[in-house]
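A short write-up of the structure that comes next.
In what follows, chains are A, B, ... by sequence order, proteins preceding strands, each numbered from 1.
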Amino acid sequence: LLPCEVLASRPAPVQRFFTPAV
Amino acid sequence: ARQHVFLLPEYLKDTSKKMKSGLMFVKLANPCSGEGVIYLFNMCLPQLFEIKVFKEKHHSWFINQSVQSGGLLHFATPMDPLFLLLHYLIKADKEGKYQPLDQVVVDDEFPNCILLLKLPELEKLLRHVTEDKEISNKKYYKYSKEKTLKWLEKKVSQTVAALKTSNVNVGARVQSAAFFSGSQVSRDKEDYVRYAYGLISDYIPKELSDDLSKY
Amino acid sequence: MDLSELERDNTGRCRLGSPVPAVCCKEPCALGVDEAGRGPVLGPMVYAICYCPLSRLADLEALKVADSKTLSENERQRLFAEMEKDGDYVGWALDVLSPNLISTSMLGRVKYNLNSLSHDTASGLIQFALDQGVNVTQVFVDTVGMPETYQARLQKHFPGMEVTVKAKADSLYPVVSAASICAKVARDQAVKNWQFVENLEDLDSDYGSGYPNDPKTKAWLRKHVEPVFGFPQFVRFSWSTAQAILEKEAEGVIWEDSAAEEAQEQPRKITSYFNQGLQTSSRLPHPYFQECGLEAATSL
């Protein structure tokens, strides 16, 4: 759950760019 | 396609695999406001769920390899179908006569209300809120206010118990030691009943809520 | 030059330096400060210091460390190797500022602009040399922003030294030229061996000089823009070149605080201060639901 609103719903290379960290 | 994030009881997970359209989202009349809101039917059991949505501005989801704007989080909570049936029974009561259920639970605006008739043990449930008659093997029902108030009182005390076990803070917002009159315990009890009554009132028509308050 | 720490994690900053020549702790030394990669939209910015005893400045000059801008990449590398060989009287240190650090500083809620970042990095490196026991008596710095204010700031920060901040210092003072060579060698190496944390598919590393007006760099940026994530962290998001491409190619995003700012900016209608008469009878949900942010779902 992101603390911002991305104004689109679409495919996105999440795995490549987003590294979840605690 | 839009994607939704739902919190559902675990056992629903394979429902849609077991039976095509095992889970159905339908719009029905909100028993308090009458406006259309989404409910979920688990057709396997069958069982009714209320859908609540957590909505806070400026959120989105990453769902696998996609982004979904809005960031809404939906909750499906089992719900006692009597609250929805009451809405129709009260409406039918104006005609002042006993009627078969399939003539009571009709709604041009929300035709899916007939799914309520598929729910198990309806007759047992209806006894809490109606008087009934059986004529040549057919059941006829009439809304009973006093039975309903008695049933709702039970709901309120069950809710009080649930509020206590889940440590929901029910204290009146502005409270200071100076105003504590009488024993703390009685104030607590009253706070819990008032809070539980308020919650139940979100699920019944306004006038029934007023009657319940007096009751 | 061992940039392995940067290759392990290139999202922050890393500092490295030569051993401190013993003579530099005894004799009065001159120290030069310069940076490399201030202008590019890609890759790190590197701050470097180089120091040597006043008595050996002529030897340093003899290395022909003239203005590094006139030197080719290979010549800079050869000269850096020469300086390492003369490590008995020349010392250096670097602070590599990653593009991610630059972007997040400049775009943070509390703005930390490039000049302040540069000034603080330069002061940090001078302090680093002092902490290692180098006997610095003179400091020469290539200017960033207004020379007078920068000089005054540094002089205040290091009262015991003679500070000279001048434009084109890298062609006037050998210690600054040497620092400039260290910075450029480090930046060239960092850019060449950049480890993309994003395992990009069709990554080509032909991004040109990295300067905003380089057509190759602009083409590379346009090719690697991702509508939701923007760019790889190799790119400085705070550069107007990058922002212009994001404006055009990327999806919009609203953050709570920016939305709040916008809401404040919009003047409220005077009528909104009058009470709206009888509110519609729709009851508010129970406080429990309001406090949990839960409401009935009226549509999916």
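- For K124(B), the NZ atom is loosely surrounded, since the number of other residues' heavy atoms within 6.0 Å does not exceed 12.
- Here the CG atom belonging to D257(C) is positioned 9.0 Å from the NE2 atom belonging to H58(B), to the nearest 0.5 angstrom.
- Remark: K223(C) NZ is packed, more than 12 non-hydrogen atoms of other residues, nucleotides or ligands lying under 6.0 Å away.
- Taking chain C as the reference chain and counting heavy-atom pairs below 4.5 Å, the highest number among V37(B), N30(B), L73(B), D202(B) is found for D202(B).
- One finds the CG atom of L300(C) at 4.5 Å from the CD1 atom of I38(B) (value rounded to the nearest 0.5 Å).
- With a threshold of 4.5 angstrom between heavy atoms, Y197(B) does not approach chain C through any atom at all.
- Other residues, nucleotides and ligands contribute at most 12 non-hydrogen atoms within 6.0 Å of the CE atom of M146(C).
- Sparse packing is recorded around CG of N64(B), with 12 or fewer heavy atoms of other residues, nucleotides or ligands lying under 6.0 Å away.
- With a threshold of 4.5 angstrom between heavy atoms, S69(B) does not approach chain C through any atom at all.
- Interface remark: F25(B) contributes side-chain atoms only to the contact with chain C (heavy atom separation under 4.5 Å).
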Kindly determine whether E295(C) and K55(B) satisfy salt bridge (charged side-chain N to carboxylate O under 4.0 Å, His left out), including the steps that lead there.
-> CA-CA 8 Å; E295(C) 50 191 82; K55(B) 205 184 269 185; 3.3 Å; yes
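- Summarising the local packing, CZ of R15(C) is surrounded by more than 12 heavy atoms from other residues, nucleotides or ligands at distances under 6.0 Å.
- The CD1 atom of I51(B) lies 12.5 Å from the OG1 atom of T298(C); values are rounded to the nearest 0.5 Å.
- A salt bridge does not link K57(B) with E256(C): every distance from a Lys NZ or Arg NE/NH1/NH2 to an Asp or Glu carboxylate oxygen is 4.0 Å or more.
- Separating the CD atom in E56(B) from the SG atom in C292(C) is a distance of 11.0 Å, to the nearest 0.5 Å.
- Checked against the 6.0 Å centroid criterion, the rings of F229(C) and F62(B) qualify as a close aromatic pair.
- Put simply, NE2 on H286(C) and CG on L199(B) are 4.0 Å apart, with the number rounded to the nearest 0.5 Å.
- Only the side chain of E35(B) has a heavy atom closer than 4.5 Å to any heavy atom of chain C.
- Crowding of K91(B) atom NZ: a count of heavy atoms from other residues, nucleotides or ligands under 6.0 Å exceeding 12.
- Neither the backbone nor the side chain of H59(B) has a heavy atom closer than 4.5 Å to any heavy atom of chain C.
- For a residue to count as touching a neighbouring chain, one of its non-hydrogen atoms must lie under 4.5 Å from one of that chain's; by this rule Y39(B) does not touch chain C.
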